[in-house]
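Scroll down for the structure; my scribbles are underneath it.
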Amino acid sequence: MKIAICDDEMEFVNIMQKELHKLEKQLNEKIETVLFKNGEELLETFSISSFDLFFFKVCKSINVNVVFISKFEDDSVNPVLFKSFGKLKKDRIKLDLILLIKKAYIFLKENKQNFILFKTDTKIVRCKKPEIVYCTVIDRKIQIYIKDGNRFDIRSTIKKMMSTLNDIHFLKINSGTIVNVAFIKEVSNKEVVMDNGEILSLSRSNSKNVRNAVKAYWGYNAD
């Protein structure tokens with residue numbers, strides 16, 4: 001977990017770092033902190049993807065830090081938002097910090113398991129894994145088809161894509177195609193039919209594993 005702390009009171013910052021170091025053992029998670037004395041300094045090197053958690057000082061007259069988690073998805077138009085996670089009062093650091101970090105840790109773990117980032121030629125896209133219908137290699141690029149009808153092309157390999165997805169629901173059906181079992185409508189010895197009607201080739205070498213995985217997902221126990 002990488003945390004940005006933006007505060008000019010070093011006494012407070014030092015206490016925070018000591019408490020965070022103690023939490024590393026409890027969470028079995030390495031916690032790295034990067035310090036910024038003011039907002040201007042933070043903005044010079046700011047990147048949403050660089051940090052998991054942010055502590056911002058509200059203003060000099062209020063001894064409270066607002067905690068934000070970056071890379072949060074909701075249903076708004078902009079997919080990358082800041083989620084306000086709570087307030088850390090400086091006279092309650094040891095008590096509040098433990099609760100906030102533990103909640104943030106659980107949230108981030110769940111968030112990272114359900115989302116993946118991939119880079120196209122023009123942008124970085126963040127996608128919910130369960131909404132990926134299938135991926136296939138075309139002209140040395142992987143085309144990623146999403147439930148909402150969008151398609152994104154990335155430079156990668158099927159092997160790397162399988163590693164990135166890292167999920168039992170994604171099945172390799174031939175040397176250049178991965179499908180999400182949740183969107184399979186029919187499966188035969190040679191073809192997989194998706195919910196959207198697309199028909200994808202199923203190789204002989206993958207046929208048995210795919211059919212067994214589909215039957216398991218559907219809870220189909222008959223021979």
Side-chain angles (χ1 to χ4, degrees), residues 1-120 122-131 154 156 160-167:
M1 185 186 296
K2 192 170 182 179
I3 300 175
I5 303 173
C6 186
D7 199 295
D8 58 358
E9 294 184 28
M10 290 311 299
E11 182 180 355
F12 164 73
V13 171
N14 290 335
I15 295 173
M16 269 198 69
Q17 286 185 308
K18 289 179 181 178
E19 294 302 313
L20 288 171
H21 181 66
K22 294 177 183 177
L23 281 168
E24 283 186 317
K25 295 181 179 179
Q26 291 185 37
L27 299 175
N28 193 28
E29 174 86 8
K30 180 175 174 57
I31 298 177
E32 179 184 352
T33 57
V34 180
L35 308 181
F36 300 93
K37 294 180 181 179
N38 52 57
E40 291 77 11
E41 188 177 300
L42 173 62
L43 288 173
E44 287 179 2
T45 57
F46 178 77
S47 171
I48 287 178
S49 60
S50 297
F51 301 99
D52 296 306
L53 194 64
F54 294 80
F55 286 83
F56 289 100
K57 187 173 183 178
V58 178
C59 65
K60 291 184 178 180
S61 61
I62 304 177
N63 287 324
V64 174
N65 265 52
V66 179
V67 186
F68 292 91
I69 291 180
S70 70
K71 298 176 288 187
F72 173 68
E73 179 86 11
D74 77 351
D75 295 324
S76 67
V77 176
N78 185 359
V80 181
L81 301 171
F82 286 105
K83 174 180 172 61
S84 178
F85 204 71
K87 296 179 180 179
L88 177 64
K89 294 183 179 180
K90 295 186 177 180
D91 58 353
R92 291 169 52 92
I93 295 175
K94 294 183 179 180
L95 186 62
D96 289 348
L97 186 63
I98 294 174
L99 295 175
L100 283 170
I101 294 296
K102 285 185 175 180
K103 288 180 181 179
Y105 175 77
I106 293 171
F107 180 91
L108 289 167
K109 279 289 186 183
E110 292 176 348
N111 207 29
K112 288 177 179 178
Q113 288 172 357
N114 291 321
F115 295 90
I116 60 171
L117 294 172
F118 49 87
K119 184 179 179 181
T120 70
T122 59
K123 57 188 175 182
I124 297 176
V125 181
R126 187 164 177 263
C127 178
K128 292 180 180 180
K129 283 203 295 186
E131 293 186 356
I154 66 170
S156 186
K160 287 181 180 179
M161 194 65 193
M162 280 294 288
S163 178
T164 299
L165 291 169
N166 190 28
D167 192 309

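Excluded from the calculations below are hydrogen atoms, water molecules and symmetry mates; all remaining heavy atoms, backbone and side chain alike, are included.
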| query | Nearest 0.5 Å, what's the CG-CG distance between L23 and N28? | reply | 12.5 Å

| Do the non-hydrogen side-chain atoms of T120 and V125 ever get within less than 4.5 Å of each other? | yes

| With a 4.5 Å limit on heavy-atom distance, are the side chains of D167 and K129 in contact? | yes

| remark: Q17 meets the side chain to side chain donor-acceptor pair (under 3.5 Å) criterion, sequence neighbours left out, with T33

| task | Measure the spacing between CE of M16 and CD1 of I5 and express it to the nearest 0.5 Å. | result | 4.0 Å

| query | What's the spacing between K18 NZ and L20 CG if we round to 0.5 Å? | reply | 12.5 Å

| task | Looking only at non-hydrogen atoms, find the nearest pair between I116 and T164 and report the distance. | result | CG2-O, 4.1 Å

| Below 4.5 Å, heavy atoms only, C-beta onward: do K2 and V34 meet side chain to side chain? | yes

| field | Atom pair CD1 (I101) and CD (Q26), whose distance is rounded to the nearest 0.5 Å | value | 11.5 Å

| side chain to side chain contact (heavy atoms under 4.5 Å, CB included) against K160, all qualifying residues, sequence neighbours excluded | S156, T157

| When rounded to the nearest 0.5 angstrom, what is the spacing between CD1 in I154 and CE in M161? | 5.0 Å

| D7 versus E9, closest heavy-atom pair with distance | OD1-N, 2.8 Å

| field | Polar side-chain atom of E29 near backbone of M1 as donor-acceptor pair, under 3.5 Å | value | yes

| message | Which residues pass the side chain to side chain donor-acceptor pair (under 3.5 Å) test with E19, not counting sequence neighbours? | response | K22

| query | How far apart are the C-alpha atoms of I31 and H21, what are their side-chain angles, what is the distance that settles it, and do they pass the side chain to side chain contact (heavy atoms under 4.5 Å, CB included) test? | reply | CA-CA 7 Å; I31 298 177; H21 181 66; over 6 Å; no

| message | Is the shortest side-chain heavy-atom distance between E24 and K30 below 4.5 Å? | response | yes

| field | Partners passing side chain to side chain contact (heavy atoms under 4.5 Å, CB included) against K25 (at least two apart in sequence or in another chain) | value | none

